[in-house]
Protein chains: 2
Amino acid sequence: MAQAHISSEKEIKERTGGWLARLAEQGYRITGSRRAVVDVLAEAGTSLSPAEIYEQGRVAHKQLGLVTVYRTLEKLEELGLVQRVHRPDGCHAYIPALHGHEHLLLCQECGRVEYFRGDDLSELSRRLEGESGYTINDHWLQFFGVCAACQ
Amino acid sequence: MAQAHISSEKEIKERTGGWLARLAEQGYRITGSRRAVVDVLAEAGTSLSPAEIYEQGRVAHKQLGLVTVYRTLEKLEELGLVQRVHRPDGCHAYIPALHGHEHLLLCQECGRVEYFRGDDLSELSRRLEGESGYTINDHWLQFFGVCAACQ
DNA sequence: GCTATAATTGAAAATGCTTTTCAATTACTG
DNA sequence: CAGTAATTGAAAAGCATTTTCAATTATAGC
Ligand SMILES: [Mn+2]
Ligand SMILES: [Mn+2]
Ligand SMILES: [Zn+2]
Ligand SMILES: [Zn+2]
């Protein structure tokens, strides 16, 4: 079932706090730069490229460097807090990973993202393992289209 | 059902001829450089990056330029003859598009590709359209793992 | 076949995204 | 309130991809 990803103020605040806590837990220091990246991404309803995160992050933290955006994204991705989106053109973007691995529906016009579940690929995955001899580690499922607002 | 993509000599020859014919049909000229790219890719059992195609293509056609590899891939992709593979690291690779759009199982070690069908996403796609209000144009499904030979 | 012409080519330069380097700064520990 | 290692951002380097452009070449029409 497709579920809108629009989050309330409270949810965003909790998410931001949670991400910072996870970073601290791992021994990473909480800095203004990291906070800026986390703030931008934790409330994102569309996928954002590193450059977009940089641009938005600088509003709150003017000395933010693009390098630090990349370094912070790397850590957030490792911790499973954000998820990388692959765009057809090849450019990468990031979104919050709300509930672990999820499948995505992306608007090609505005970048809006819907997360969905309700489709179980584990059975297919197991069947493929049996038939192909592969050991399967991971998968991606992404749908592309145009959202209601953009039509 | 997973199906090995290993092709016979005859199938490869037919595929090569078919691709060149499609290019000619579109008004594109058949040159040594294009032939070299087509030859490499039409018999590929693993996904190949532009640089790999360039390297292999130069064996048969030494003056081949990397620029022409990119330009030829662009045309083959437009015609639906090759399909782009999205790797987790972000680097792109190409494989023959044997039967139109297919879903893929990729070996993370050697790049080997299995094509599979037997999983129908059109029902899911329609349901998502209804629930989200999006118009869906396209989707990707890729599994990642380690092939039998690489284990 | 030969010619005219537009398509194609590859080297080089430009571009854009991402990573590395490094000296200065800063968050945290004790 | 140090002391110390982590972090930062500017600049440079590294890659993948695209653009530019003058030279070459495939092909249609004779
Ligand atoms: Mn990609
Ligand atoms: Mn899944
Ligand atoms: Zn949209
Ligand atoms: Zn393999």
Side-chain angles (χ1 to χ4, degrees), chain A residues 17 19-41 47-79 82 84-94 111, chain B residues 17 19-41 47-79 82 84-94 111:
Chain A
W19 290 8
L20 291 172
R22 285 300 319 274
L23 286 169
E25 228 169 74
Q26 297 294 311
Y28 296 124
R29 293 180 176 180
I30 304 308
T31 67
S33 297
R34 285 183 179 156
R35 220 182 275 276
V37 171
V38 163
D39 281 346
V40 168
L41 208 41
S47 60
L48 297 173
S49 68
E52 288 164 340
I53 296 167
Y54 171 60
E55 197 186 341
Q56 294 186 28
R58 289 227 290 182
V59 175
H61 187 74
K62 26 197 174 320
Q63 72 265 40
L64 176 64
L66 181 56
V67 188
T68 301
V69 173
Y70 278 98
R71 289 192 280 226
T72 304
L73 286 172
E74 191 180 16
K75 289 171 179 62
L76 292 173
E77 194 179 15
E78 269 169 26
L79 296 177
V82 307
R84 188 189 295 224
V85 169
H86 297 260
R87 294 175 172 169
D89 58 19
C91 172
H92 285 149
Y94 292 82
Chain B
W19 290 8
L20 292 172
R22 286 300 318 276
L23 286 170
E25 228 168 75
Q26 296 295 311
Y28 296 124
R29 294 180 175 180
I30 304 308
T31 67
S33 297
R34 285 181 178 157
R35 220 182 274 277
V37 171
V38 163
D39 281 347
V40 168
L41 208 41
S47 60
L48 296 173
S49 68
E52 287 165 340
I53 295 167
Y54 171 61
E55 198 185 342
Q56 293 185 30
R58 289 227 289 181
V59 175
H61 187 74
K62 27 200 174 317
Q63 72 265 39
L64 177 64
L66 180 55
V67 187
T68 301
V69 173
Y70 278 97
R71 290 192 278 226
T72 305
L73 286 172
E74 192 180 13
K75 291 172 177 59
L76 292 173
E77 194 179 15
E78 268 168 27
L79 297 177
V82 308
R84 189 190 293 225
V85 168
H86 298 261
R87 293 174 171 171
D89 57 20
C91 171
H92 287 151
Y94 293 82

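Being a predicted model, the structure only gives us computed values, none of them experimental. Below, chain A is the first sequence line, B the second, and so on; all start at residue 1.
With salt bridges taken as basic N to acidic carboxylate O contacts below 4.0 Å, one links E25(B) and R22(B).
A24(B) approaches I30(B) most closely through the heavy-atom pair N-CD1, 4.1 Å. Residues L64(B) and S33(B) approach most closely at CD1-CB, 3.8 Å, considering heavy atoms.
Distance CG (L66(A)) to C1' (dG14(D)): 15 Å, rounded to an integer number of Å. In this structure, H61(B) atom NE2 and dT24(D) atom C1' are separated by 12 Å, rounded to whole Å. Whole-Å rounding puts the K62(B) NZ to dG10(C) P distance at 12 Å. Rounded to whole angstrom, the span from the CD1 atom of I53(B) across to the P atom of dT17(D) amounts to 11 Å. We find that CZ of R71(B) is positioned 11 Å from C1' of dA11(C), with the value rounded to whole Å. Atom CG of L64(B) and atom C1' of dT8(C) are 13 Å apart (whole Å). When rounded to the nearest whole Å, the span between CD of E52(B) and P of dA16(D) equals 10 Å. What separates CD of E74(B) from P of dT17(D) is a distance of 12 Å, to the nearest Å.
Place V67(B) and C91(B) on DNA chain D by their nearest nucleotides, and C91(B) ends up nearer the 5' end. If Y54(B) and K75(B) are placed on DNA chain C by their nearest nucleotide, the residue sitting closer to the 5' end is K75(B).
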message: What verdict does the side-chain contact (heavy atoms from CB on, under 4.5 Å) test give for R87(B) and H92(B), after you've listed the backbone C-alpha separation in whole Å, the side-chain angles of each residue and the deciding distance to 0.1 Å?
response: CA-CA 6 Å; R87(B) 293 174 171 171; H92(B) 287 151; over 6 Å; no

task: Give the intermediate values and the outcome of side-chain contact (heavy atoms from CB on, under 4.5 Å) for residues R35(B) and H61(B).
output: CA-CA 9 Å; R35(B) 220 182 274 277; H61(B) 187 74; over 6 Å; no

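Residue E55(A) places its CD atom among 12 or fewer non-hydrogen atoms of other residues, nucleotides or ligands, all under 6.0 Å distant.
Note on Y70(B): a side-chain N or O is less than 4.0 Å away from OP1 or OP2 of dT17(D).
Looking at residues 24-35 of chain A, you'll see Y28(A), R29(A), T31(A), S33(A), R34(A) sit with a heavy atom under 4.0 Å from some atom of DNA chain D.
Checked against Y94(B) for a side chain to side chain contact (heavy atoms under 4.5 Å, CB included), the options V82(B), V37(B), L48(B) give a single hit: V82(B).
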